[in-house]
Protein chains: 2
Amino acid sequence: MRDQKQQPAGPGRVGRLSRQTILTAAQGVLREEGAGNLSMRRLAKELSSTPMALYHHVRDKEELLLLLLDAHAEAFPRPELPEEPRERLLASAQVLHDILADCPWIVEVLASDGFVSVSAMWLVESMIDAAVGCGLTHEDAVYAYRVIWYYTIGELTVRFNRERARGEGGGPPQRERTMRVLTAEEYPQLARLGGRWTELATADNHRRGLEAVVDGLLRAAR
Amino acid sequence: MRDQKQQPAGPGRVGRLSRQTILTAAQGVLREEGAGNLSMRRLAKELSSTPMALYHHVRDKEELLLLLLDAHAEAFPRPELPEEPRERLLASAQVLHDILADCPWIVEVLASDGFVSVSAMWLVESMIDAAVGCGLTHEDAVYAYRVIWYYTIGELTVRFNRERARGEGGGPPQRERTMRVLTAEEYPQLARLGGRWTELATADNHRRGLEAVVDGLLRAAR
DNA sequence: ACCTGAACACCGTTCAAGT
DNA sequence: ACCTGAACACCGTTCAAGT
């Protein structure tokens, strides 16, 4: 895990709290009450401690979230990847997506310019290698990774937000959320866009778009 | 603008406040102090009113943001679009991106499953029409729109977050933000990913990725 | 070094009352 | 109908002190 070296076994486990106990408690809150309820104060309460005690073990909330992401990525099963480059690129990107799909709370942390977790860099490497194997220059392969990254987090952002709007994930009581979606009254031409506007986004469809994106990125290769 | 019909000229302009004055004030705060400082309370102060007064004109903060997005989209110049379908699809998607690129504050509202602003539905239609013109079925064209939408908001999310991390956009005093980026110490293989990891994401590069995505989506057409 | 209590500077939103 | 004041139920983070 990230920062292993800074806290190998020396300081950090003298007092009641440690990075590890904090992380475990955070995972508990996430599991029981959802991402919307994970706050430094809630977490302190969970540990029968004070908010400030936490700041002795993590710099701030963002670091905590990064640590959680890293732990999640590390625990995620590492599937066998195909050898054939294009298949390998697709499979790696799919794993990346699947890792993140389990973490609605990373939306707050998606800030970063790429996948930040050390525990998942093997995936980034796998994707770039596969793209090079497909005939892209190294620079184009890095760029291809970025485009796939954008597509992935775009899909996830929309997905998580929709779930949140529907009240999944144990958020607060969830007052009636009218799902502010365009109505035919506001926008008469809506019908032209085809029905089932909202029902199209499932896991399968992520794969389908992923294939299109990848093929587009590889179209000029070799 | 959205909800024009609900407040044509009847109620809503009797008291000191109206949707319009609130929107104008919000645009001011956005311009002067950035998205991070736009709160219902800040806005009430700007209008020398109370937070609750606002709730008489907008349902909640989300509606306010949607209204702002819609006004922005409406004010955005509507460029001439090329006739040729592929070029038209590319150009429409680029305009969609450019409209949103001016609104760092929409990240909070990107919840929605597609572009929600009525004032910009012409773009969605343009994209879907162009995709059909390229030989996609209507259903595939709608799906293509979604993939492009994911790519677009993914790119924007990363872009805005990077800007925020760098302290642009008039946020709070911005304490030293060490830009929690992977270091070579944490991840020795970092060099393999190529330098200029962060410098690749500019407007030009959005276009380049967009072309790849579009070509991938159109690859099986006709 | 590790933890506590109190405080700072905020949020969005609701309730009950005023005009 | 429109607006106010006070309150509810929170945030992340800092400061000064304790052991």
Side-chain angles (χ1 to χ4, degrees), chain A residues 6-22 25-26 29 33-68 105 108-109 111 164-165 171-178, chain B residues 6-22 25-26 29 33-68 105 108-109 111 164 171-178 180:
Chain A
Q6 270 120 302
Q7 292 211 340
R13 44 175 265 279
V14 181
R16 303 194 303 95
L17 263 37
S18 72
R19 267 183 131 112
Q20 199 38 249
T21 57
I22 291 174
V29 174
E33 301 169 45
N37 286 80
L38 182 67
S39 68
M40 298 303 267
R41 299 174 111 103
R42 175 73 192 78
L43 196 48
K45 202 160 280 171
E46 190 70 17
L47 292 157
S48 315
S49 183
T50 63
M52 257 319 285
L54 304 176
Y55 285 88
H56 245 266
H57 298 90
V58 294
R59 175 155 44 138
D60 52 24
K61 195 182 177 185
E62 193 186 333
E63 186 178 59
L64 177 65
L65 293 177
L66 250 10
L67 252 14
L68 283 166
W105 42 272
E108 273 182 72
V109 115
R164 189 163 50 85
Q174 203 65 28
R175 77 198 151 100
E176 178 110 46
R177 267 285 233 159
T178 10
Chain B
Q6 272 118 303
Q7 291 210 337
R13 44 176 265 278
V14 181
R16 302 195 302 96
L17 264 37
S18 73
R19 266 184 132 112
Q20 199 39 250
T21 58
I22 290 174
V29 174
E33 301 168 46
N37 286 80
L38 182 69
S39 68
M40 299 303 267
R41 298 175 111 103
R42 175 73 191 78
L43 196 48
K45 202 160 279 172
E46 190 71 14
L47 292 158
S48 315
S49 182
T50 64
M52 257 319 285
L54 304 176
Y55 286 87
H56 245 265
H57 298 91
V58 295
R59 174 153 48 134
D60 52 23
K61 194 183 178 184
E62 193 185 333
E63 185 178 58
L64 176 65
L65 292 177
L66 250 11
L67 253 13
L68 282 165
W105 43 271
E108 273 182 72
V109 114
R164 189 164 50 85
Q174 203 65 29
R175 77 198 151 99
E176 178 108 49
R177 265 286 233 160
T178 9
R180 223 166 324 239

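Note on naming: letters A, B, ... go to the chains in the order of the sequence lines (proteins, then strands), and numbering restarts at 1 for each one.
- Side-chain atoms of B/His57 never come within 3.5 Å of backbone atoms of B/Ile22 as a donor-acceptor pair (strictly under, hydrogens ignored).
- Atom NZ in B/Lys45 sits about 14 Å away from atom P in D/dT4, given to the nearest Å.
- Residues B/Leu38 and B/Arg42 fail the side-chain proximity criterion, which asks for heavy atoms closer than 4.5 Å.
- Nearest nucleotide to the side chain of A/Ser39, out of C/dC3, D/dC2, D/dC11: D/dC11.
- Separating the P atom of D/dC8 from that of C/dA9 is a span of 22 Å, rounded to the nearest Å.
- Between B/Ala44 and B/Leu54, the shortest heavy-atom contact is N-CD1, 4.0 Å.
- When rounded to the nearest whole Å, the span between CG of B/Leu43 and C1' of C/dG12 equals 13 Å.
- Put simply, B/Ser49 has no side-chain N or O that comes within less than 4.0 Å of OP1 or OP2 on D/dC3.
- A/Tyr55 places its OH atom 13 Å from the C1' atom of C/dC8, with the value rounded to the nearest Å.
- Rounded to a whole Å, the CG atom of B/Asn37 is 11 Å from the C1' atom of C/dC10.
- Nucleotide D/dG18 has C/dC2 as its partner under the Watson-Crick or G-U criteria, with both atom distances under 3.5 Å.
- When all heavy atoms of A/Ser49 and A/Arg16 are compared, the closest pair comes out as CB-NH2, 3.6 Å.
- Side-chain atoms of A/Arg41 lie closest to C/dC8 of the nucleotides D/dA7, C/dC2, C/dC8.
- Using a 4.0 Å cut-off, no side-chain N or O of A/Thr50 falls inside it from OP1 or OP2 of C/dC3.
- Comment: B/Arg19 engages B/Glu63 in a salt bridge, judged by a side-chain N to carboxylate O separation of less than 4.0 angstrom.
- Going from atom CD1 of A/Ile22 over to atom P of D/dG12 covers 14 Å, rounded to whole Å.
- Under the Watson-Crick or G-U wobble criterion, with both distances below 3.5 Å, C/dG12 is paired with D/dC8.
- Phosphate proximity of D/dA1 to B/His57: absent, as no side-chain N or O sits under 4.0 Å from OP1 or OP2.
- Atom NE2 in A/His56 sits roughly 12 Å away from atom C1' in D/dT14 (whole-Å rounding).
- Residue contacts for B/Met52: at a heavy-atom cut-off of 4.0 Å it reaches a base atom on one of the strands shown.
- For B/Leu47 and D/dC3, the CG to C1' distance is 13 Å, given to the nearest whole Å.
- Proximity of B/Arg16 to the phosphate of D/dT4: a side-chain N or O atom is located under 4.0 Å from OP1 or OP2.
- Per the geometry, CG belonging to B/Leu65 stands 14 Å off P belonging to C/dC11, to the nearest Å.
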